[in-house]
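Each remark here refers to the structure printed beneath this line.
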Amino acid sequence: MAKMLVAGNWKCNKLFNEAQLFVDALKTALQNAGDTSQKDQGCDVMIAPPSPYLAAWAQQINGAFKVGAQHCSHVEPGAHTGDFTADMLASCGVDMVILGHSERRADHAETDQHVATQLRHALDAGLRPILCCGESLECRESGAHHDWVQGQITAATADLSAADMSRVDIAYEPIWAIGTGVTASTMQAQEMHAFIRSIIGELHGDELASATRILYGGSCKPSNAAELFACPDVDGGLIGGAALDPVSFAAIVVAAQSTACPT
Ligand code: PGA
């Protein structure tokens, strides 16, 4: 079983001083919540703040958590105002990057081809990408959600080598669950995660499929994290709203630790 990952996606929230204060607040909240990571039983923890904070924040965090970016551009270095590359992120101390989030696909017209290029650049830069996939409510209601998710994963990963694929995490984030307070049921999450693992098996082999970390994202919070993480094919979470509050985020981390190492 893959080591669990709890990843916080702050999206477009918090000022820099608030991000700085969060670091100690999270350490305290983790201790208060019964963090077991000091005993090497922990899960990976990552937080992705707004991009302008990354270099300074990576220094402040100093390895206590993984530093994530919410995006990297698909362009090569050069005349692209406002863009930044995966190499630039790596040079700032970033460890991981979230790619293909439905909000980027919707707000910035990012296509599967853009995401595939970003993924290639991220891997080449030594970053560990989290590839997001997930269907709209309309798509699920029409019964096309499996084809949709399969298309997203195939477009982004089909050309990757086994070595590359072993450095990719997947996040299943049904769009209808993101920021809505509506969470996929454990049955819906488990069913889709198992399906995603089978797609990875077809593309990259069963050994890689069983080692791939598949996170759930979409209104995951302290009250539902433990039951979602208990699903056999759910290997952690990509957390939006609940990652903005250190106490809530710490509770989700501890839920993942308890699932990974039941006492
Ligand atoms: P949410 O966001 O937890 O606020 O639903 C999850 C995400 O978009 O990554």
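All values reported here derive from a predicted model rather than from experimental measurement. As the structure lists them, so they are numbered: ligands from 1, and atoms in each ligand from 1.
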Looking only at protein heavy atoms, identify the closest one to atom 9 (O) of ligand 1 and say how far it is in Å. E173 OE2, 2.7 Å
Looking only at protein heavy atoms, which one is nearest to atom 4 (O) of ligand 1, and what is the separation? G241 N, 2.8 Å
Identify the two heavy atoms, one from P174 and one from A184, that lie closest to each other, and give their separation to 0.1 Å. CG-CB, 4.4 Å
When only distance counts, is T180 in polar contact with ligand 1, meaning an N/O pair under 3.5 Å? no
Go through the steps for D44 and R213 under the test salt bridge (charged side-chain N to carboxylate O under 4.0 Å, His left out), then give the verdict. CA-CA 11 Å; D44 286 336; R213 216 156 36 179; 2.9 Å; yes
For G217, is at least one N or O under 3.5 Å away from an N or O on ligand 1? no
Taking distance alone, with N or O pairs closer than 3.5 Å, would you say G218 contacts ligand 1? no
Atom indices of ligand 1, in the order listed, that fall short of 4.0 Å to a heavy atom of H101: 7 (C), 8 (O), 9 (O)
Using 30° and 60° as the class limits, which term best fits the ring planes of H193 and Y172: parallel, tilted or perpendicular? perpendicular
Side chain or backbone of N9 under 4.0 Å from ligand 1, or both, or neither, by non-hydrogen atoms? side chain
For the CD1 atom of I170 and the OG1 atom of T212, what is their distance to the nearest 0.5 Å? 6.5 Å
Would you say A177 touches ligand 1, if touching means a heavy atom closer than 4.0 Å? yes
Have a look at E110 and tell me which of H74, R105, R104 forms a side-chain hydrogen bond (donor to acceptor under 3.5 Å, both in side chains) with it. R104
One finds that the ligand 1 atoms under 4.0 Å from a non-hydrogen atom of G179 are 1 (P), 4 (O), 5 (O)
Short N/O distance, under 3.5 Å, between G240 and ligand 1? yes
Is W10 reaching over with its side chain to a backbone N or O of G240, donor-acceptor style, under 3.5 angstrom? no
Looking at ligand 1, does K221 have a heavy atom less than 4.0 Å from it? no
So F84 and H71, would you call those rings parallel, tilted or perpendicular, with 30° and 60° as cut-offs? perpendicular
Would you please say whether a donor-acceptor pair under 3.5 Å links the side chains of Q70 and H101? no
Do any nitrogen or oxygen atoms of E103 lie less than 3.5 angstrom from nitrogen or oxygen atoms of ligand 1? no
